[in-house]
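Submitted below is the structure of interest, expressed as C-alpha cells.
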Amino acid sequence: MSDAVLPEPRRRTALARLARRPLAVLGLVIIAVTVAAALAAPWIAPFGRDEQLFEGLTLEGAPMPPGGAFLLGTDLLGRDLLTRILYGARTSLVIGVVANGMALLIGTLVGVTAGYFRGWAGSVLMRFTDLMMAFPALLLAICLAAIFTPSLWIVALVIALVNWVQVARVLYTETTSLAERDFIAAERAIGAGNGRILWLHILPHLVPTIIVWGTLGISTTVLLEATLSFLGIGVQPPEPSWGNIIFENQTYFQAAPWLVFFPGMAILLLALAFNLVGDALRDVLDPTQRGRG
Amino acid sequence: MAGYLLRRLVQSVLILLGVTLVTFFLLYVLPADPVRQIAGRSATAETVESIRRQLGLDQPFWVQYGRYLWNLLHLDLGRSYLQRSNVSELIWARLPPTLLLMAGAIVCELILGLTMGIVAALRRGTATDNGLMIASFVGVSAPQFVVGLLMLYLFGVRLHWLPISGYGTFAHLVLPSLTLGILGAGWYSRMMRSSMVEVMRQDFIRTARAKGLARRRVILRHALPNAILPIIAMIGIDIGIFMGGIVVVESVFGWPGIGQLAWQAIQRVDIPIIMGVTLVSAVAIVLGNLLADLVTPLIDPRIRLR
C-alpha cells in the first residue's frame, strides 16, 4: 500500500483508457488546436492584431460580414475578426493556466494543511473556506475586478482568489481520510517527519484529484475571464480577449451577429474541451468521484 | 433534530458575520474612493474632506465596521451614497423581478434537465444517450452572456417571437429564464441520468418488472419518484449559483432586478449597496444550503443528520 508514486503500467493504462473515449479525444484535439493557434498567431493571422483596415469597413462605416478577404468578417473598427480571435486564444490560455495554477496552489496548500494538521489551525482554515463558499463567486470577482485597475494579471489574480475554494474542500476531505490510514501511522512510527510524510506519501495520492480539478478548473476560469471581459472589467482593449471582443461590439450585434457568434463559439469550444477531458480523466483516474463538480 | 438545527443556525449567523467582515475589509482597503465618485472630478479638496467626514469615512476601520454592524442589528443596511434612498428599500424594490427570474430559471432547468436525464438513462448506451450527454456538456460550458445574446438575436431580432428586453409580461420572462437555467439544465441532466440508472438497477425495480407490470408503469410509478427526489434537494444550492448569473443575465436583457442594482453600484463604488447585495446573496446561499441539507433526510430516511 505504501507505493509513493503510481507504478508505470497503471499510468499508461490510464492514458490508454483516455484515448479510447471519443469525447475525451475530441476535447484534446480542440485544446491542441487552440494552443497551436495561440502560439502561431503572429504567423497564421491574416492581418496585424490591432490593424484597422480601410477596406475592413463598408462605405457607410459598418463592419464587413464574413467572407472574401475577411473569413470571419470585421469588427466595428475595421479589424479582422479571425486575427483578433487567434490572438484572443493567447489571453484565454494564459489566464486559464496562470489563474487556475494559482487557484490550485492556494487550494492545495489550504486543503492539505487543514486536512493533515487538523487542530485549531485546520479549523480556522476550513471555517474560512466555508465562509468563502457563502460568497457568490461571480459577484465577488466582478466586485474585485471593477475596483482594481484591470489588467491581464489582475484578472488572473481575481479569478484565482475566487476559484481555490472547491479544490481546498475536496483535497481537505481526501487528506483527512489519507492521514488516518495505517501506512501513514507506520511511517510516523519509524520516525518520518511531517514534511517527508506530506511530500512522499500524502501528495502523490492526491495527484489524480489535482489533475482532474486542475483540468475542470481551466474551463471555469476561461468562462470567468470571458464574463469579466464581457462586462468591460477584464482584459482591456486593444489587447484582444474573446470576452472583450463581444463587449466592444455588443451595441452593434443586432446588425452584425457574427461579432458575438464567432468569439462566443470559441469560448464555448475551449470550455467544453476542458470539461470533456476533465470528466473523462475523473472516470479514468478515480471512478468513485463521479457527480456534480 | 432541534440540536442540529440550532447548531446550523448559529454556524450560519457566524458565516454571515464573516461575509460582512471580509466584504467590508475588501472595500476598505481597495484603491477605489467612493468620496471621489460622489464629489465628482472637479470638487475641491475641502469638499472631498467634508463629504468624507459627513459619511464617517475618515474614521478607523473598526469604528466604521462596528457602526455598520450596529445598524445591521437594527435591520438598517445604510443609505446609498449616490441614490437618495435606503439600501434596504432599493433591494426590496428590486427583489420581486429577481425572484421571478430565478423561479423561471428553476422551472426551465428542471424541465430541460430532468427530461434529458430521464431519456438518456432509459436509452442508455444509444446514440440518443450520447447526444444528450454532449448537449449537457455544452450547457455547462456555454457562457451565459453568449447564450443570452444569441437567443435574443434569434428569437427577438430575427423571428420576432419574443421581446428583446424589458420586464412585465410572461413573454419577457422566457429568454432570461432560459439563459439563466441552461447551466443548471446541464448539471441536472447528468445527475438525473446517473440517479435514474442507479435506481433502475435496484431490486424493487426488478420485482416490479417480475410481477408483470408494464414498463411504462414501472418507470413512472416506481423508478421516477425515487430517482427525482435526491435531485430536488439540490435546488437550494442553485440559488447561490444564480446570484452570480443574475448580474450578467439582467444586464443582457435589461431586467430591473438585484443584479443590475449590484452592477451599477459596483461601477460607481456605492459601497452601502454593494455591501447590501453581497449580504443578501450570502443569506440566500446559506439558507439554500441549509434547506438542501434539511430536505435530504426527509426524502431519504437512510440519511440522518448529525
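Just so we're clear, the structure is a prediction, and the values are computed from it rather than from any experiment.
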message = So A/S229 and A/S241, do their side chains get closer than 4.5 Å, heavy atoms only?
response =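 Contact flag for A/S241/A/S229 side chains = yes.
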query = Is any side-chain heavy atom of A/F135 less than 4.5 Å from a side-chain heavy atom of B/T23?
reply =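 The answer is yes; the side chains approach within 4.5 Å.
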request  = Count the heavy-atom pairs under 4.5 Å between each of B/L149, B/V286, B/V157, B/I15 and chain A, then report the option with the highest count.
outcome  =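 Highest number of pairs under 4.5 Å: B/L149.
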inquiry  = Quick check on B/V252 against chain A: is it the side chain, the backbone, both or neither that has a heavy atom closer than 4.5 Å?
reply    =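 Contact with chain A: side chain only.
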query = Would you call A/R17 and A/D283 a salt bridge, taking side-chain N to carboxylate O under 4.0 Å as the test?
reply =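 Not counted as a salt bridge, because no side-chain N and carboxylate O are separated by less than 4.0 Å.
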key: Atom group of A/L269 that falls short of 4.5 Å from chain B, counting heavy atoms   =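 No part of A/L269 comes within 4.5 Å of chain B.
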ask   = Among A/P263, A/A226, A/A134, A/A271, which has the most heavy-atom pairs under 4.5 Å with chain B?
value =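 So the answer, after comparing A/P263, A/A226, A/A134, A/A271, is A/A134.
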ask   = Quick one: of A/I142, A/L144, A/T220, A/D130, who has the most non-hydrogen atom pairs under 4.5 Å with chain B?
value =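 Between A/I142, A/L144, A/T220, A/D130, the count favours A/I142.
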request  = Could you grab the distance from atom CZ of A/R169 to atom OH of A/Y172, nearest 0.5 Å is fine?
outcome  =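 Here the interatomic distance stands at 8.0 Å.
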Rounded distance [0.5 Å steps], OH in B/Y188 versus CG in B/L110 =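 So the gap between those two atoms works out to 5.5 Å.
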task = Against chain A, label B/A262 side chain, backbone, both or neither, depending on which of its atoms sit under 4.5 Å from a heavy atom there.
result =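 Looking at B/A262, just its side chain touches chain A.
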inquiry  = Tell me which of these, B/I274, B/V277, B/V138, has more heavy-atom pairs under 4.5 Å with chain A than the rest.
reply    =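 Most heavy-atom pairs under 4.5 Å with chain A: B/V138.
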ask   = So what's closer than 4.5 Å to chain A heavy atoms on B/L152: side chain, backbone, both or neither?
value =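 Side chain of B/L152 only, per the 4.5 Å heavy-atom cut-off to chain A.
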request  = Give the member of A/N275, A/I267, A/L270, A/V260 that has the highest number of heavy-atom pairs under 4.5 Å with chain B.
outcome  =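 Maximum pair count with chain B is reached by A/N275.
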inquiry  = Among A/L26, A/V222, A/L223, A/L23, which residue has the highest count of heavy-atom pairs closer than 4.5 Å to chain B?
reply    =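 Ranked by contacts with chain B, first place is A/L223.
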key: Ring-face cation of B/R190 near B/F137 (centre distance under 6.0 Å, axis angle within 45°)   =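 Yes, B/R190 sits over the ring of B/F137.
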query = Does A/N244 reach the main-chain N or O of A/G232 with its side chain, forming a donor-acceptor pair under 3.5 Å?
reply =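 Side chain of A/N244 to backbone of A/G232: no pair is present.
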task = Measure A/M133 against the heavy atoms of chain B and call it side chain, backbone, both or neither at under 4.5 Å.
result =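 Looking at A/M133, just its backbone touches chain B.
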query = Residues two or more places apart in sequence or in another chain: which of them pass salt bridge (Lys or Arg N to Asp or Glu O under 4.0 Å) with B/R158?
reply =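 Per chain and number, B/R158 pairs via salt bridge (Lys or Arg N to Asp or Glu O under 4.0 Å) with no residue.
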query = In terms of heavy-atom proximity below 4.5 Å to chain A, should B/I164 be classed as side chain, backbone, both, or neither?
reply =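 B/I164 touches chain A through side-chain heavy atoms alone.
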query = Among B/F145, B/F242, B/W263, which has the most heavy-atom pairs under 4.5 Å with chain A?
reply =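 Most heavy-atom pairs within the cutoff with chain A belong to B/F145.
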Listed once per pair and sorted, the side chain to side chain donor-acceptor pair (under 3.5 Å) pairs that draw on residues 124-138 of chain B, sequence neighbours left out =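 Pairs touching residues 124-138 of chain B that pass the test: B/D129-B/R193.
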